[in-house]
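Take a look at the structure below.
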Amino acid sequence: MPQNEYMERHRKLHGRRLDHEERTRKRAAREPHKRAQEARKLRGLKAKLANKARANEKIQMKKKIKAHEEKLTPKQKEGKVSEGALPVYLLDRDVTSRAKVLSNMIKQKRKEKAGKWDVPIPKVKAQSDSEVFRVLRSGKTKRKGWKRMVTKVTFVGENFTRKPPKFERFIRPMALRFKKAHVTHPELKATFQLPIIGVKRNPSSPMYTSLGVITKGTVIEVNVSELGLVTSQGGKVVWGKYAQVTNHPENDGCINAVLLV
Amino acid sequence: MDEAEDTRRILTRLVSETGDSFERLFDLPYNVTPEKLALLVNHLLENEEPAPFLFFVNGKEITDCLDKVMVQDDIGTENVLEIIYQQQAVFKVRAVTRCTSSMPGHAEAVISIGFSPNGQYLASGSGDTTVRFWDIYTQTPFMVCEGHKNWVLCISWAPNSKMLASACKNGVILLWNPETGKQIGKPLAGHKQWVTSLAWEPLHLDPRGRRLASGSKDGDIRIWDTALGNVERVLTSHTQSVTCVRWGGSGLIYSSSQDRTIKVWRPDGVLCRTLEGHGHWVNSLALSTDYVLRTGAVDPTAVHRGKGQDVNESDIKELALKRYSAVCRLGEERLVSASDDHTLMMWLPEKEKKPIERLTGHQQLVNDVRFSPDTRILASASFDKSIKLWDGRSGKFITTLRGHVQAVFMLAWSADSRLLVSASADSTLKVWNVKQKKLELDLPGHADEVYAVDWSPDGLRVASGGKDKILKMWQN
């Protein structure tokens, strides 16, 4: 341990050595070579630690350089005016960007006639009958096999009553009946839980459509009255809109869908 | 029995709403209709042109005949029944029914719209940093005024229609000449944040229309001398953003703020009163004299009768004062504030610190409130999708107008106080019949939210603009 600041004192008395500047310059210039050599020599865990430390060092350095550069360049004026102008009374309210897409009733009708939509999920794996239905054996000795149980999620209308067992060819289990779907509005980027009105089209088979089977890719009609959408021509309130199912409801226990706009 | 009822008669006294009555008492049959009463009053008042009237007994309107109103409250034959009569506007504004033109031009949402007080010019401010003047007769673009560097948030016409003030989000106020579209004077800069509201000094206090008050997000109110282009005074006391500024007819300045207070200032910078009562931001103010202060010396009824609008410079002050005092006779200047706490409050700001009435009923924040031109009815627009009508004198609830499916942003009254137009986020305008308290017309056409609407002071046109960047004109 030095007993006093004798080095400093000496420097004050006699000044630095004459070649001090040159020596420090050279030492600094040699530094990278030295480090490189060391890095090449290191092996194993030590190499790992050293590399990590060096990488960190470099990140810090780059950050510092960037900060300096930013300080040096003169600030550009905010020439660009931000988009999405709002009136004064909405400025302080955090209104989400409500990109309103007014539903175009005519377009929707025309598509309905043609029977096809530009849907988010164009290709869906076809569901075979054996996947959707399970054969139920009936009869006293369980010899008959004309009864089917739907093993997928279904939508059943409100005033549906089951037929007597003798005539009921398809059983739609209570546990797999759904009334609501989580519908995402693609432009609002918001999801709403909306009541289902009906199944519009199951791409696998028209029979599934009539049975109300909901699988991935099925187009369903949902009640959007609480979203407050308005048609562009008539200014009428829209209440039914189509949505396509994006998940496998039978696996997930819920229906997720995208609104078709 | 019927015959017996028909012959029943009652002693009545006809009283105007200000309280003056005729000396004579009238012995009227029970089945007297409002039309007959109107004939009588017109004769008594010696009106040259018969004016329409409304009649009230104990606050209930006589719609069919006197008998109908009388059934509930039975007075003895000795007593005198007071019938209050209210004169309606002689002229009638026809409801706008169709979109006469959609004028594209703005490159961003149209945020503010205003007809000039004489009804000859139309200006709009937009997010594309321009102010545009439109020719309302040919319904074409007239002038594009560039000068702002940010969204033009609010515009306000000088009451003599010779100047338009516009304010942008950078806090700069510019003045424009509507004839040439040129900027007048230098920019009025000083606000540190955006300007939320502009108010000119009423015409009867200063016929030249020099002084302008502006409220800003930074909590200051500045009074500008537009001729010299400098700040006359800075009123600082609000701790949060000022939301609305009104320059009252008696010379007082009213300002509402997000710090839940309304402050009353003298223009020389003295804070007269702080009105407290709201529990959340105060969004908007309305004065019962708003319409007459806005139109100044121009009487819309005179325009309707075809009489000239040209008023001598010297007469402006007198004319404006005459019109102002005529309105004041119907009752003192009342102030109504709309707030985020879902209520409105009615004040007598010249005298009292306490509200005279608290108007409750809205289920969400109240965004806009407007007095009808005849000051009798008050309309409030709320984010709960409804419009409510209130008695402009007592603040009693009249009715709710439902029909919009999203938040209602803005309201505008027609000059005769019979119609009301509302702009909403559901992209429609709706015209409401105030007398029948029903939807008169639905005006779809905008492709997106409607931010601003204005009914020209002469009642002929409605202009609206919104997020779809198009300015629409509506006429009948």
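Proteins get letters first, then strands, A, B, ... in listed order; numbering begins at 1 in each. Everything numeric in this text was worked out from a predicted model, so none of it was measured.
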Is the number of heavy atoms from other residues, nucleotides or ligands within 6.0 Å of CZ (A:R134) greater than 12?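 No - once you tally the heavy atoms of other residues, nucleotides and ligands closer than 6.0 Å, there are 12 at most.
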
Can you tell me if B:R260 has over 12 outside heavy atoms packed within less than 6.0 Å of its CZ?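 For B:R260, atom CZ is not crowded (no more than 12 foreign heavy atoms under 6.0 Å).
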
Give the minimum heavy-atom separation between B:A109 and A:A85, together with the two atoms involved.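 Closest pair (atom of B:A109, atom of A:A85, distance): CB-O, 3.9 Å.
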
If I compare all heavy atoms of A:L86 with all of B:I111, which pair ends up nearest, and what's the gap?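 Closest pair (atom of A:L86, atom of B:I111, distance): O-CD1, 3.5 Å.
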
For the residue pair [X] and [Y], establish whether any side-chain heavy-atom pair is separated by less than 4.5 Å.
| X | Y | answer |
| --- | --- | --- |
| A:L91 | B:W151 | yes |
| A:D92 | B:S241 | yes |
| A:R93 | B:L365 | yes |
| B:D368 | A:Y89 | no |

Who among B:N367, B:L443, B:T129, B:N150 has the most heavy-atom pairs with chain A under 4.5 Å?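 The option with the most such pairs is B:N367.
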
Chain A contact via B:D468 - side chain, backbone, both or neither, heavy atoms under 4.5 Å: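 It is neither, since no heavy atom gets under 4.5 Å.
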
What part of B:K385 gets closer than 4.5 Å to chain A, counting heavy atoms only: side chain, backbone, both or neither?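 The answer is neither part of B:K385.
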
